[in-house]
Amino acid sequence: MSIKPDTWIREMAINHGMITPFETGQIRRTEAGERLISYGTSSYGYDVRCDRDFKVFTNINSTIVDPKNFDPKGFHDLKDVDECVIPPNSFALASTVETFRIPADVLVLCVGKSTYARCGIIVNVTPLEPEWVGQVTLEFSNTTSLPAKIYAGEGVAQLLFFQSDQPCETTYKDREGKYQNQRGVTLPKA
């Protein structure tokens, strides 16, 4: 990149709609002064927020997790909540507040935030490929033997942007990827 990474992210978000809604700086407190887990533009990436709907894994229906034949009865839905408690050694799905429009010459990788990692909560997201569009589905694994809490509307993961000197030959859009234009929590598709 010939410009600073944080400047490039701002430019791409504001002028090209790469991130919507977009926060130009790091937000660490509410308007009332309460502490938040930070979100917004960082030095080399963007810290995304978790939206207010969650799917929490439960085994009350003795469901088998099968990516080729996924049974949604394995989840308990939480709608429009401020926080989600993940049972011990379990996981939950959520989506980002932000919607992304990834350019053809950019690949995005997701890493967890240290605040959650230090609590045993791991965030897993597959790469955002060139020309992928949508809200990101986030997976939170609680690796502890205790219940763990995730906060909606606050930072949960950092996206790192890698720009090539040219667009890739075949983009996610070109391949008609099955998760293109996803909104909200999106379950596995075979």
Side-chain angles (χ1 to χ4, degrees), residues 1-28 37-51 53-55 65 67-68 70 91-118 121-141 143 150 152-190:
M1 280 184 202
S2 59
I3 61 174
K4 294 179 181 178
D6 52 347
T7 302
W8 177 86
I9 292 167
R10 283 185 194 95
E11 207 281 321
M12 292 301 291
I14 293 168
N15 297 331
H16 301 284
M18 186 172 71
I19 305 169
T20 309
F22 176 71
E23 181 54 54
T24 61
Q26 276 277 297
I27 302 300
R28 293 188 167 97
I37 299 173
S38 63
Y39 65 90
T41 306
S42 61
S43 301
Y44 281 86
Y46 191 84
D47 291 5
V48 295
R49 293 172 285 172
C50 185
D51 210 351
D53 294 342
F54 296 86
K55 290 187 176 291
V65 178
K68 289 185 176 182
F70 194 81
F91 72 96
L93 298 177
S95 71
T96 57
V97 168
E98 297 85 1
T99 297
F100 293 87
R101 287 169 189 77
I102 307 304
D105 62 346
V106 174
L107 177 71
V108 184
L109 298 180
C110 178
V111 295
K113 288 187 63 79
S114 61
T115 299
Y116 280 117
R118 294 168 195 225
I121 301 168
I122 308 302
V123 179
N124 185 35
V125 173
T126 57
L128 281 62
E129 295 186 47
E131 289 199 320
W132 178 81
V133 175
Q135 287 178 299
V136 178
T137 295
L138 306 161
E139 188 255 330
F140 299 100
S141 294
T143 65
I150 303 291
E154 299 188 30
V156 291
Q158 183 178 72
L159 299 182
L160 303 174
F161 297 80
F162 298 91
Q163 185 179 34
S164 175
D165 58 355
Q166 58 186 338
C168 64
E169 189 172 312
T170 306
T171 68
Y172 193 81
K173 179 181 175 183
D174 294 338
R175 287 187 282 116
E176 298 178 359
K178 60 187 170 185
Y179 298 109
Q180 185 73 301
N181 296 310
Q182 70 185 16
R183 303 288 305 159
V185 179
T186 304
L187 297 177
K189 299 176 183 179

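As a basis for the values below, the full set of heavy atoms in this structure was taken, side chains included, without hydrogen atoms, waters or symmetry mates.
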| said: Show, in sequence, the C-alpha distance, side-chain angles and deciding distance for Arg175 and Glu129, and conclude whether the salt bridge (Lys or Arg N to Asp or Glu O under 4.0 Å) test is met. | reply: CA-CA 11 Å; Arg175 287 187 282 116; Glu129 295 186 47; 2.2 Å; yes
| request: For Met18 and Trp8, run side-chain contact (heavy atoms from CB on, under 4.5 Å): C-alpha distance rounded to whole Å, both residues' side-chain angles, the deciding distance at 0.1 Å, then the answer. | output: CA-CA 11 Å; Met18 186 172 71; Trp8 177 86; 4.0 Å; yes
| field | Asp105 vs Gln166, side-chain contact (heavy atoms from CB on, under 4.5 Å): CA-CA, chis, key distance, verdict | value | CA-CA 6 Å; Asp105 62 346; Gln166 58 186 338; over 6 Å; no
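The shortest distance between side-chain heavy atoms of Leu187 and Lys55 falls below 4.5 Å. Residues Lys113 and Val156 form no side-chain contact, since every pair of their non-hydrogen atoms from C-beta on lies 4.5 Å or further apart. You'll find the side chain of Glu98 stays beyond 4.5 Å of the side chain of Glu23, heavy atoms only. Within the 4.5 Å cutoff, the side chain of Phe54 has no heavy atoms near those of the Leu93 side chain. Two residues are said to be in side-chain contact when any heavy atoms from C-beta on lie closer than 4.5 Å; Gln26 and Ser42 meet this criterion. Two residues are said to be in side-chain contact when any heavy atoms from C-beta on lie closer than 4.5 Å; Tyr116 and Ile37 meet this criterion. Contact of the Ile150 side chain with the Cys50 side chain is registered, since non-hydrogen atoms from C-beta on lie closer than 4.5 Å. In this structure, Ile14 and Thr24 have side chains that are in contact, with non-hydrogen atoms separated by less than 4.5 Å.
With no hydrogens or angles considered, no side-chain donor-acceptor pair links Arg183 and Ser95 at under 3.5 Å. Side chains of Ser141 and Glu139: a donor on one and an acceptor on the other come within 3.5 Å. In the model, Thr96 has no side-chain atom that pairs as donor or acceptor with a side-chain atom of Gln135 under 3.5 Å.
One N or O on the side chain of Tyr172 and one on the backbone of Tyr179 form a donor-acceptor pair closer than 3.5 Å.
Atoms CG and CZ, on Asn124 and Phe140 in that order, are 10.5 Å from each other to the nearest 0.5 Å. Atom CD1 of Ile122 and atom OG1 of Thr143 lie 5.0 Å apart (nearest 0.5 Å). Note that CH2 of Trp132 is 10.0 Å distant from CZ of Arg101, once rounded to the nearest 0.5 Å. To the nearest 0.5 Å, the span separating CG on Leu128 from CD1 on Ile102 amounts to 5.0 Å. To the nearest 0.5 Å, atom CD of residue Gln163 and atom CE of residue Met12 are 6.5 Å apart.
Counting heavy-atom neighbours within 6.0 Å of Lys189 NZ, excluding the residue itself, gives a total above 12. Other residues, nucleotides and ligands place no more than 12 heavy atoms under 6.0 Å from the OH atom of Tyr44.
Between Phe100 and Tyr46, the two ring planes are perpendicular [angle over 60°; tilted spans 30° to 60°].
Using a 4.0 Å cut-off between a side-chain N of Lys or Arg and a carboxylate O of Asp or Glu, Arg49 and Glu154 do not qualify as a salt bridge.
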